[in-house]
Protein chains: 2
Amino acid sequence: MKDCTECVVRNRAICGGLTPDELAALGSLGRNQIVRRGQTIVWEGDEALVVANVIDGVLKASMSMPDGREQIVGIVFPSDFIGRPFGQESPYSVTALTDAELCIFTRSSFEKFALQHPDLEHRLLQHTLGELDRAREWMLLLGKKSASERIASLLLELSTRLQAGGCAHDSMVLDRFELPLDRQQIGDLLGLTIETVSRQLSRLKGEGLIALPDRRHVVIQDRARLQNIAMAA
Amino acid sequence: MKDCTECVVRNRAICGGLTPDELAALGSLGRNQIVRRGQTIVWEGDEALVVANVIDGVLKASMSMPDGREQIVGIVFPSDFIGRPFGQESPYSVTALTDAELCIFTRSSFEKFALQHPDLEHRLLQHTLGELDRAREWMLLLGKKSASERIASLLLELSTRLQAGGCAHDSMVLDRFELPLDRQQIGDLLGLTIETVSRQLSRLKGEGLIALPDRRHVVIQDRARLQNIAMAA
DNA sequence: CGCCAAATTGACCCTAATCAAACGATGTGG
DNA sequence: CCACATCGTTTGATTAGGGTCAATTTGGCG
């Protein structure tokens with residue numbers, strides 16, 4: 001049986017701050033589900049049937065054009081919320097980038113519960129406002145930054161958000177981490193091609209700012225210079 | 001004295017749906033304020049002291065980089081909400097694109113009221129989710145669309161959102177409207193330069209899809225073809 | 001060991017940026 | 001009333017950053 005009081009993301013997810021009773025009630029509506037890398041939970045344009053909390057793993061939210069061009073519009077980490085409550089259809093798809101563990105609800109049961117529990121809605125509002133801030137930060141990146149600035153920004157963002165999602169101290173950031181995205185996905189997130197991503201990573205490596213022990217790992221060797229690149233040129 | 005029951009945006013803004021008592025209480029916390037074109041209400045990085053509903057006019061939310069590059073991250077229309085509640089500092093500036101009328105609150109008084117009125121917070125959540133959807137749609141534009149696709153998308157978006165903010169029927173869209181942005185601002189919104197904006201507009205005009213009676217007005221003459229350009233190529 | 005997919009590297013091209021000039025409204029002062 | 005300055009915009013010429021196409025290299029895995 002599911003025990004929300006033991007949940008590893010409880011403090012950071014929207015269910016944090018609920019009373020034990022509320023937590024039990026919400027818990028009875030949801031179920032844990034494992035999804036494998038590559039699996040899609042919600043399809044763009046389809047009726048949004050489910051919402052979920054991410055317990056473990058990394059997922060992407062993506063939108064695409066009729067001719068197949070795809071843009072990743074959000075990276076979803078543990079304790080983040082997935083789905084579009086109070087909307088008919090999902091404007092984006094959600095797909096697992098790594099094997100992941102979710103706490104999943106039907107949208108209708110979640111909405112009903114949320115309307116009766118203002119504190120939950122308040123937490124959801126806070127999460128949504130944070131998402132909106134990050135989306136706008138990304139608009140600045142996509143609209144104005146050069147390829148190298150985009151790559152540097154991404155590496156710094158991942159090094160902090162993977163940390164926040166992990167189990168170490170809040171104020172720490174990781175200098176070595178696993179990339180949850182392949183080169184194509186990095187391109188789809190940054191508005192670049194796979195070749196440009198590769199070239200810029202090679203360049204940063206050549207200049208000694210980062211190391212790439214293998215295709216799925218990054219080591220930040222000179223965070224200060226990386227931050228310089230990310231914010232100016 | 002202010003009378004919220006007469007407010008022209010009451011039905012669409014977050015205060016819609018409040019009881020008469022609640023509406024009066026909220027109204028007593030806010031005050032109407034006129035801002036002139038070009039005036040900035042909130043500065044990026046400053047403490048977010050105020051939030052507001054837009055009653056009339058159009059504003060922009062923008063973020064900038066240390067070297068001065070600027071990205072417009074949101075266009076704010078009548079009935080939209082301005083500001084960043086439940087956050088210390090504003091991640092963006094808000095500036096009037098036209099003379100505008102606001103219903104303005106201190107952030108602290110608004111937050112206090114919101115926490116006591118779940119129905120208001122619910123409306124705010126709905127608005128924020130809508131903003132997030134639009135921000136993500138814009139990420140697709142900035143990350144993946146060509147210059148002509150961006151221009152076409154913007155014109156279509158303005159033709160519907162200016163309408164929604166106006167007083168005609170919901171299902172209608174405008175074929176002729178006033179541009180609240182100059183060419184530089186269009187560039188800052190679409191991630192293009194002023195010259196590219198101008199060239200693409202001239203091209204659409206040359207092909208008979210739009211007319212430009214003067215620098216601040218647009219007429220959509222072939223909506224279907226414009227939609228084709230906006231969504232594919 | 002050898003296959004296959006992912007990533008890197010190279011050569012070339014194209015879109016949009018940059019630099020520069022001309023144009024057209026609007027407003028001012030002679 | 002017209003010469004002229006000014007600002008926003010348009011148009012033109014050139015350049016550069018990143019895309020496209022193609023050839024290798026790397027590495028994961030049966």
Side-chain angles (χ1 to χ4, degrees), chain A residues 37-38 65 67-71 97-99 141-155 178-207 209-219 229 232-233, chain B residues 37-38 60 65 67-71 97-98 141-155 178-207 209-219 229 232-233:
Chain A
R37 166 186 289 193
M65 294 176 62
D67 64 4
R69 279 173 283 177
E70 178 176 318
Q71 175 69 37
L97 294 172
T98 65
D99 291 350
L141 179 147
L142 292 171
K144 288 280 134 65
K145 292 190 184 180
S146 69
S148 53
E149 290 165 353
R150 292 180 200 202
I151 294 284
S153 301
L154 174 68
L155 296 179
E178 183 173 352
L179 274 176
L181 310 125
D182 64 27
R183 300 294 188 265
Q184 180 63 58
Q185 290 162 341
I186 294 175
D188 289 343
L189 179 59
L190 298 180
L192 300 171
T193 59
I194 191 175
E195 293 93 336
T196 299
V197 170
S198 182
R199 273 186 259 268
Q200 294 298 334
L201 284 173
S202 298
R203 190 172 141 256
L204 291 176
K205 178 175 145 189
E207 292 175 357
L209 303 203
I210 61 169
L212 300 166
D214 66 73
R215 57 180 66 176
R216 284 282 184 177
H217 287 271
V218 176
V219 181
I229 292 176
Chain B
R37 166 185 291 193
K60 64 169 181 175
M65 294 176 61
D67 64 2
R69 279 174 283 177
E70 178 176 319
Q71 175 69 36
L97 295 172
T98 65
L141 178 146
L142 292 171
K144 288 279 133 68
K145 292 190 184 179
S146 69
S148 52
E149 290 165 351
R150 293 180 198 203
I151 294 284
S153 301
L154 174 68
L155 296 179
E178 183 174 352
L179 273 177
L181 311 125
D182 64 27
R183 300 293 188 266
Q184 180 62 58
Q185 289 161 343
I186 294 175
D188 290 341
L189 178 59
L190 298 180
L192 300 171
T193 59
I194 191 175
E195 294 94 333
T196 300
V197 170
S198 181
R199 272 186 258 269
Q200 294 298 333
L201 284 173
S202 298
R203 188 171 143 256
L204 290 176
K205 178 175 148 190
E207 293 174 358
L209 303 204
I210 61 168
L212 301 167
D214 67 72
R215 60 180 66 177
R216 283 282 185 176
H217 287 270
V218 176
V219 182
I229 291 177

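Letters A, B, ... mirror the listed sequences (proteins, then strands); counts begin at 1. When reading the values below, keep in mind they use all heavy atoms of this one structure, side chains included, and skip hydrogens, waters and symmetry mates.
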Rounded distance (Å) that lies between atom P of C:dT8 and atom CG of A:Leu179: 10 Å
side-chain N/O A:Ser202 vs C:dT8 OP1/OP2, d < 4.0 Å: no
B:Ser148: partners by side-chain contact (heavy atoms from CB on, under 4.5 Å), with sequence neighbours left out: B:Ser146, B:Gln200, B:Arg203, B:Ile229
Donor-acceptor under 3.5 Å (A:Glu70 side chain, A:Met65 main chain): no
Partner residues of A:Ser153 under the side-chain hydrogen bond (donor to acceptor under 3.5 Å, both in side chains) criterion, sequence neighbours left out: A:Lys145
Nearest-angstrom distance from the residue atom CZ of B:Arg150 to C1' of C:dA16: 10 Å
d(CZ, B:Arg69; P, C:dA17) in whole Å: 13 Å
Selection: residues 181-194 of chain B, any non-hydrogen atom under 4.0 Å of DNA chain D: B:Asp182, B:Arg183
Atom of A:Arg183, atom of A:Ile194 and distance for their closest heavy-atom approach: CB-CG1, 3.7 Å
Contacts of B:Asp182 that satisfy side-chain hydrogen bond (donor to acceptor under 3.5 Å, both in side chains) - sequence neighbours left out: none
Listed once per pair and sorted, the salt bridge (charged side-chain N to carboxylate O under 4.0 Å, His left out) pairs that draw on residues 188-197 of chain A, sequence neighbours left out: A:Asp188-B:Lys144
Interatomic distance, A:Lys205 NZ vs C:dT8 C1' [rounded to whole Å]: 9 Å
A:Arg37 side-chain N/O to A:Asp99 backbone N/O, donor-acceptor pair under 3.5 Å: no
So which protein nitrogen or oxygen atoms get under 3.5 Å of nucleotides 19-27 of chain C's nitrogens or oxygens?
{"residue": "C:dC19", "atom": "N4", "partner": "B:Glu195", "partner atom": "OE2", "Å": "3.1"}

Worked check of side-chain contact (heavy atoms from CB on, under 4.5 Å) between B:Leu204 and B:Leu155: CA-CA 11 Å; B:Leu204 290 176; B:Leu155 296 179; 4.2 Å; yes
Contact boundaries on DNA chain D for chain B, cut-off under 4.0 Å to non-hydrogen atoms: D:dG8 to D:dA13
Qualifying residues under side-chain contact (heavy atoms from CB on, under 4.5 Å), relative to B:Leu212, sequence neighbours excluded: B:Leu201, B:Lys205, B:Ile210, B:Val218
Rounded distance [0.5 Å steps], CG in B:Leu189 versus CG in B:Leu142: 7.5 Å
Listed partners of A:Thr196 passing side-chain hydrogen bond (donor to acceptor under 3.5 Å, both in side chains), at least two apart: A:Thr193
